[in-house]
Amino acid sequence: MGSTALGGRAPARLGLAPKDGVFGSNLKQCGGFMLKTTPKVGSSSVRVRASVASSPQKQHSPKTSGVKSGEEVRIAVLGASGYTGAEIVRLLANHPQFRIKVMTADRKAGEQFGSVFPHLITQDLPNLVAVKDADFSNVDAVFCCLPHGTTQEIIKGLPQELKIVDLSADFRLRDINEYAEWYGHSHRAPELQQEAVYGLTEVLRNEIRNARLVANPGCYPTSIQLPLVPLIKAKLIKVSNIIIDAKSGVSGAGRGAKEANLYTEIAEGIHAYGIKGHRHVPEIEQGLSEAAESKVTISFTPNLICMKRGMQSTMFVEMAPGVTANDLYQHLKSTYEGEEFVKLLNGSSVPHTRHVVGSNYCFMNVFEDRIPGRAIIISVIDNLVKGASGQAVQNLNLMMGLPENTGLQYQPLFP
């Protein structure tokens, strides 16, 4: 979800200014911070490294096609001290081919990851470093888990051969003017925005497979688009008067200390927020509009629930003439038949967040409204897995030519 998913303003760009007196003649300004370049073996091009003082590491050829079974894929996790970064690490502990080689966390630089997240102390991981000191010469792919508004310039400065999955909102909106309107500043890497592929895996699988840069969807947009996009494409529901009531666990707000998220502020209650314009609205409307091939506007209200994980989206839709709730159900069932991570529940079973916690699943079901011609669709996900890090791993699996379920076959935790 990223650290501002619950509607706060994007924080200022991370401080990436170099220390005085450490740069030599083989350094250049790139993406707002200084990058060290070294000649690439067997090529006249240069290889870019975000390092200020370390010596060149062993060079390697970039992976431009699918990796072989058992072949190691070297991973960097940027922003590893947040919830989505920690979740990437937890998921990759079960991945047979992805190996973490670089981990950044500017405020925790120099610390061991296990001291930041003791529940992952058993993992053999590199120490955390500042982004400006990260060495990408021994890396094939990057998970970027940095806060919204800090990612564009950093990704712009990364080596061109790296595969990148960005978990922030910085590349989700294709219209850079719309991005500026919702995020309060101009887009800082418009040329990369043109290249970025939106990473809703089950909907855009073929585009993701051939991408270099994937914009991982937000949590609310994932839980909403997975059921609504197929129904809109099939013209089974009207695109006017779509009403969405969504609820998220507190981890969606990120790990930063915020008064509004203190236990005494949120306990024993439910809190609506972003009522007039949550930042996920344009992302949701972008996906639904593309499915409809016309502008779609929704009514969307997010709510904060006093629980750690989980997300439920309840969607109220008007069906096309002659369409029944069962038609919606059957279309979703046929659309996602054979999909590992999207499941239609049977009969009148209601999806509950506790049934997906810790997993990459999205459970959904369709119910007939008591108002004639309307239906209610409920979907649930774990906001940190299918809503963030799990979908990111699913996307990178595709980008590297691996089965997309690799390392993601965790079953939900219950109770």
Side-chain angles (χ1 to χ4, degrees), residues 40-41 43 47-51 56-80 84-105 113 120 122-129 131 134-146 151 154-155 157-167 171 195-197 199 201 204-216 340-341 360 385-386 388-410:
K40 190 175 181 180
V41 174
S43 172
R47 177 169 184 84
V48 181
R49 304 169 59 228
S51 176
Q57 304 295 314
K58 181 180 179 182
Q59 304 296 328
H60 70 281
S61 299
K63 297 181 186 299
T64 57
S65 59
V67 298
K68 299 176 182 177
S69 177
E71 185 178 359
E72 184 178 89
V73 178
R74 298 162 293 188
I75 301 295
V77 181
L78 309 187
T84 56
E87 197 69 355
I88 289 283
V89 176
R90 183 183 75 87
L91 295 173
L92 294 194
N94 195 43
H95 200 291
Q97 293 184 238
F98 289 176
R99 294 290 176 268
I100 298 173
K101 300 296 184 180
V102 174
M103 306 177 76
T104 78
F113 190 75
L120 295 168
T122 60
Q123 301 304 301
D124 183 17
L125 297 165
N127 286 350
L128 296 164
V129 299
V131 172
D135 180 1
F136 295 97
S137 64
N138 194 36
V139 168
D140 303 305
V142 174
F143 289 110
C144 195
C145 306
L146 296 167
T151 299
I154 289 174
I155 289 180
L158 293 177
Q160 289 294 308
E161 66 269 23
L162 297 182
K163 300 280 190 178
I164 302 167
V165 180
D166 179 28
L167 284 79
F171 292 97
E195 177 188 355
V197 170
T201 318
L204 294 165
R205 182 172 281 121
N206 291 333
E207 292 86 343
I208 295 165
R209 185 176 285 115
N210 298 314
R212 184 186 76 88
L213 169 60
V214 165
N216 214 59
E340 181 157 0
F341 297 120
N360 198 49
V385 190
K386 187 61 172 171
S389 304
Q391 188 162 214
V393 173
Q394 192 177 354
N395 284 329
L396 188 59
N397 281 335
L398 271 174
M399 296 162 73
M400 302 308 294
L402 297 171
E404 64 188 65
N405 64 356
T406 307
L408 288 173
Q409 294 176 308
Y410 290 90

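Residue numbers count from 1 along this sequence.
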Which residues satisfy the side chain to side chain contact (heavy atoms under 4.5 Å, CB included) test with Arg212, sequence neighbours excluded?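 In terms of side chain to side chain contact (heavy atoms under 4.5 Å, CB included), with neighbours along the sequence ignored, Arg212 is linked to Gln160, Ile164, Leu192, Glu195.
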
Specify the closest pair of heavy atoms between Ala211 and Val197, including all atoms of both residues, with the distance to one decimal.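 Answer, listing the atom of Ala211 first, then Val197: CB-CG2, 3.7 Å.
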
Looking only at heavy atoms, what is the nearest atom pair of Ile208 and Met399, with distance?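 Taking Ile208 first and Met399 second, the nearest heavy atoms are O-CG, 3.3 Å.
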
Counting N and O atoms only, with roles assigned by atom type, does the side chain of Asn397 sit under 3.5 Å from a partner on the main chain of Leu402, one being a donor and the other an acceptor?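 Checked: no pair found.
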
Heavy-atom side-chain proximity of [X] to [Y] below 4.5 angstrom:
X      : Y      : answer
Val102 : Asp135 : no
Val385 : Tyr410 : no
Thr151 : Phe171 : yes
Phe341 : Thr201 : no
Leu396 : Ile75  : yes
Lys163 : Asp140 : no

Euclidean distance, Arg74 CZ relative to Arg99 CZ, rounded to 0.5 Å: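 Between atom CZ of Arg99 and atom CZ of Arg74 there are 13.0 Å.
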
Within this structure, what is the CG-CG distance for the pair Leu162 and Leu213, rounded to the nearest 0.5 Å?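 With rounding to 0.5 Å, CG (Leu162) is 11.0 Å from CG (Leu213).
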
Give me each pair satisfying side chain to side chain donor-acceptor pair (under 3.5 Å) with a member in residues 399-409, each pair once, sequence neighbours excluded.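 Counting only pairs at least two positions apart or across chains, the side chain to side chain donor-acceptor pair (under 3.5 Å) contacts touching residues 399-409 are Arg205-Glu404, Glu340-Asn405, Glu340-Gln409, Gln394-Glu404.
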
Extract all donor-acceptor atom pairs below 3.5 Å that involve side chains of residues 122-129 and protein atoms in other chains or at least two apart in sequence.
none

